[in-house]
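First up is the structure itself, then whatever we jot down about it.
Keep in mind that what you see is a predicted model, and the values were worked out from it rather than measured. Here is how names work: the chains are called A, B, and so on, in the same order as the sequence lines, proteins then strands, and each is numbered from 1.
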Protein chains: 2
Amino acid sequence: MARIKTDKNISRKDVIVTKAATLFREKGFKAASMRDLAEAVGVEAASLYNHIKSKTELLHELCFSVANRFLQKIDEVEAEKITAIEKIEKLLRFHINEMIHHYEEVYVSDREWKHLADPYLSNFQNQRRIYRKRFAAIIETGIRNQEVKKIDAPTAVLIMLHAISGIESWHRSTQKISAAELEENMVTILVGGLTQ
Amino acid sequence: MARIKTDKNISRKDVIVTKAATLFREKGFKAASMRDLAEAVGVEAASLYNHIKSKTELLHELCFSVANRFLQKIDEVEAEKITAIEKIEKLLRFHINEMIHHYEEVYVSDREWKHLADPYLSNFQNQRRIYRKRFAAIIETGIRNQEVKKIDAPTAVLIMLHAISGIESWHRSTQKISAAELEENMVTILVGGLTQ
DNA sequence: ATTTATTGCTAACACGCGTTAGCTGACTAT
DNA sequence: ATAGTCAGCTAACGCGTGTTAGCAATAAAT
């Protein structure tokens, strides 16, 4: 009988959620089966249900843990007494680093949230909408203070957030530049695109 | 007996492919069923097979028709005798307009190509890789000619291409700015990010 | 050492999937 | 009018899915 290995402070459920993130990223939520997941975990499919309620629960956990981290960060950044451009750059760098270091989760949250079921779906969409509005509001402040070019703020948000999801390609590329270089390049291009 | 309606010069297969694009975008390739598609077309699922070979064939058609349009465009742009920045801007505007006016197809090609099966999969990935290299080469020329900032060209490509796929959010947003405004904003931010 | 809770297993379920076979009705061309 | 092709239908197939029930083995607690 092949037990799921766990280090201290990592529950078996966490192991499953983590492997699920990898699998959902690779195949997509719908195409990844519980039998695939079971194999990745080293156990039979039915055994997973001793630790989780359903396949969808895995998606909830992933999507909302990511969303919560971003919401917490924007709370923090909004409260700081710095210029709008500095706030934008801070958020940008946070996004970039999340995408670099929590790739699987962030990617899945980004691409697979459609498969959430209500009420989680509406909830997630709302959080997303609000987050983007708050981000846009920072940019609009920047425009008013003439730190930022006169551009459509929602469009700028959309560009930044989607550009960041391109880090996916960096992860899968064979000849990677370093994470630090990647971060600097992205900030240079994106912040450079907003200013002056 | 409910026949598929067709205007002149639009085959029944084209009708199916178009509806498939919409459905694949909405639900994802795996989650969209042939029964869903049949309903959208106004016919029974089995009847679809008088016009198409398989579900996957629909994905092939979509992915490669999009890919071919981009390849053709980059052929054209490379051949022109204009500056690197002008080439970049041309490609950028083409991408933007494709995403605006052929939203469903382009989106599906972008997000769902993973579900292609070999040999189509490898083929598609190759085309994609080569396209990006050619795009990066143009940027590198721009850097050498000091039209473009000293940045990592592959990273710049990745940012531009992914930023454009953010137009998805524009399509789904309720308060849209005009397509022309969207295009100008995106070009301003992205080209602005590369230059100076 | 014995009990209790945890974590695994096998077997099976109901269901939705892509697809095929075989048939019927409806346009098209002679 | 008649023959032939096209495009639809119903029924059904085999398969993979998420999930449950019931039981066995292991680990934890007494």
Side-chain angles (χ1 to χ4, degrees), chain A residues 1-21 23-24 26-63 108 112 114-118 120-121, chain B residues 1-21 23-24 26-63 108 112 114-118 120-121:
Chain A
M1 205 172 278
R3 297 205 124 207
I4 300 176
K5 292 175 202 164
T6 58
D7 297 348
K8 215 162 62 177
N9 289 336
I10 300 185
S11 73
R12 283 173 226 277
K13 180 167 178 176
D14 288 339
V15 174
I16 294 172
V17 171
T18 303
K19 295 271 186 189
L23 218 63
F24 292 171
E26 285 171 356
K27 302 195 163 196
F29 176 74
K30 273 281 174 184
S33 78
M34 295 304 278
R35 285 167 179 84
D36 289 338
L37 178 55
E39 193 181 350
V41 170
V43 103
E44 291 299 317
S47 308
L48 297 172
Y49 289 84
N50 287 319
H51 305 282
I52 61 164
K53 284 200 282 292
S54 66
K55 187 187 183 187
T56 331
E57 188 202 4
L58 294 168
L59 192 58
H60 301 162
E61 302 245 340
L62 289 167
C63 288
V108 168
E112 305 294 334
K114 280 187 191 183
H115 299 104
L116 289 170
D118 269 325
Y120 296 96
L121 178 59
Chain B
M1 203 172 279
R3 298 203 125 208
I4 300 177
K5 295 175 203 165
T6 58
D7 297 349
K8 215 163 59 178
N9 290 336
I10 299 183
S11 73
R12 286 173 165 78
K13 180 167 177 175
D14 287 340
V15 174
I16 295 172
V17 171
T18 303
K19 295 272 185 187
L23 217 63
F24 292 171
E26 285 171 356
K27 302 194 162 196
F29 176 75
K30 273 283 174 183
S33 78
M34 293 305 278
R35 286 167 179 85
D36 290 337
L37 178 56
E39 193 182 350
V41 170
V43 104
E44 290 300 315
S47 308
L48 297 172
Y49 288 85
N50 287 319
H51 306 282
I52 61 163
K53 283 201 283 290
S54 66
K55 187 187 183 187
T56 332
E57 188 202 5
L58 294 168
L59 192 58
H60 300 163
E61 302 246 340
L62 289 167
C63 288
V108 168
E112 305 294 333
K114 280 188 192 181
H115 299 104
L116 290 170
D118 268 327
Y120 297 96
L121 178 59

Compare the minimum distances between each of C:dC17, D:dG18, C:dT10 and the side chain of A:Glu44, then state the nucleotide with the smallest one. C:dT10
Need one value for A:Ser47: base, sugar-phosphate or nothing, where a base atom within 4.0 Å counts as base even if backbone is also close, heavy atoms only. base
Of B:Ala45 and A:Ser33, the one whose closest nucleotide on DNA chain D sits nearer the 5' end is B:Ala45
Parallel, tilted or perpendicular: which fits the ring planes of A:Tyr120 and A:His60, with parallel below 30° and perpendicular above 60°? parallel
Spacing of CG belonging to B:Leu58 relative to SG belonging to B:Cys63, to within rounding of 0.5 Å: 11.0 Å
Scan B:Ala32 against the nucleic acid and name what it touches under 4.0 Å (heavy atoms): base, sugar-phosphate only, or nothing. sugar-phosphate
Tell me whether the NZ or CZ atom of B:Lys30 lies within the 45° cone about the ring axis of A:Phe29 and under 6.0 Å from its centre. no
List every contact pair, protein side and nucleotides 11-15 of chain C side both N or O, where the distance is under 3.5 Å.
none

Take a 6.0 Å sphere around NZ of A:Lys55 and say whether it holds more than 12 heavy atoms from other residues, nucleotides or ligands. yes
Write down the distance between CD (A:Glu57) and P (D:dG18), rounded to a whole number of angstrom. 15 Å
Find the distance between CG (B:Leu121) and OG1 (B:Thr56) and round it off to the nearest 0.5 Å. 12.0 Å
Atom pairs, protein N/O to nucleotides 4-6 of chain C N/O, distance under 3.5 Å:
none

Protein-nucleotide distance (A:Met34, atom CE; C:dC9, atom P), rounded to Å: 14 Å
Taking atom C1' of D:dG8 as reference, at what distance in whole Å does atom CD1 of B:Ile16 sit? 11 Å
Quick check: closest heavy atoms across B:Ala21 and B:Val108, and the distance to 0.1 Å? O-CG2, 3.4 Å
Round to the nearest Å and state the distance from A:Lys27 atom NZ to D:dT17 atom P. 8 Å
From D:dT20, D:dG8, C:dC17, nucleotide with atom closest to A:Tyr49 side chain: D:dT20
Taking all heavy atoms of B:Glu112 and all of B:Leu59, pick out the closest pair and write down the distance. O-CD2, 3.6 Å
I need the CD1-P distance between A:Ile52 and D:dG18, as an integer number of Å. 10 Å
Protein-nucleotide distance (A:Leu23, atom CG; D:dG18, atom P), rounded to Å: 10 Å
Atom NE2 of B:His115 and atom P of C:dG18: how far apart are they, to the nearest Å? 12 Å
Tabulate below the donor-acceptor pairs under 3.5 Å that side-chain atoms of residues 32-45 of chain A make, not counting sequence neighbours, or state none.
{"unit_1": "A:Ser33", "atom_1": "OG", "unit_2": "A:Arg35", "atom_2": "N", "d": "3.3"}
{"unit_1": "A:Ser33", "atom_1": "OG", "unit_2": "A:Asp36", "atom_2": "N", "d": "3.0"}
{"unit_1": "A:Ser33", "atom_1": "OG", "unit_2": "A:Asp36", "atom_2": "OD2", "d": "3.4"}
{"unit_1": "A:Asp36", "atom_1": "OD2", "unit_2": "A:Lys27", "atom_2": "NZ", "d": "3.2"}
{"unit_1": "A:Asp36", "atom_1": "OD2", "unit_2": "A:Ser33", "atom_2": "N", "d": "3.2"}

Atom CG of A:Asn50 to atom C1' of D:dG22: distance rounded to whole Å? 12 Å
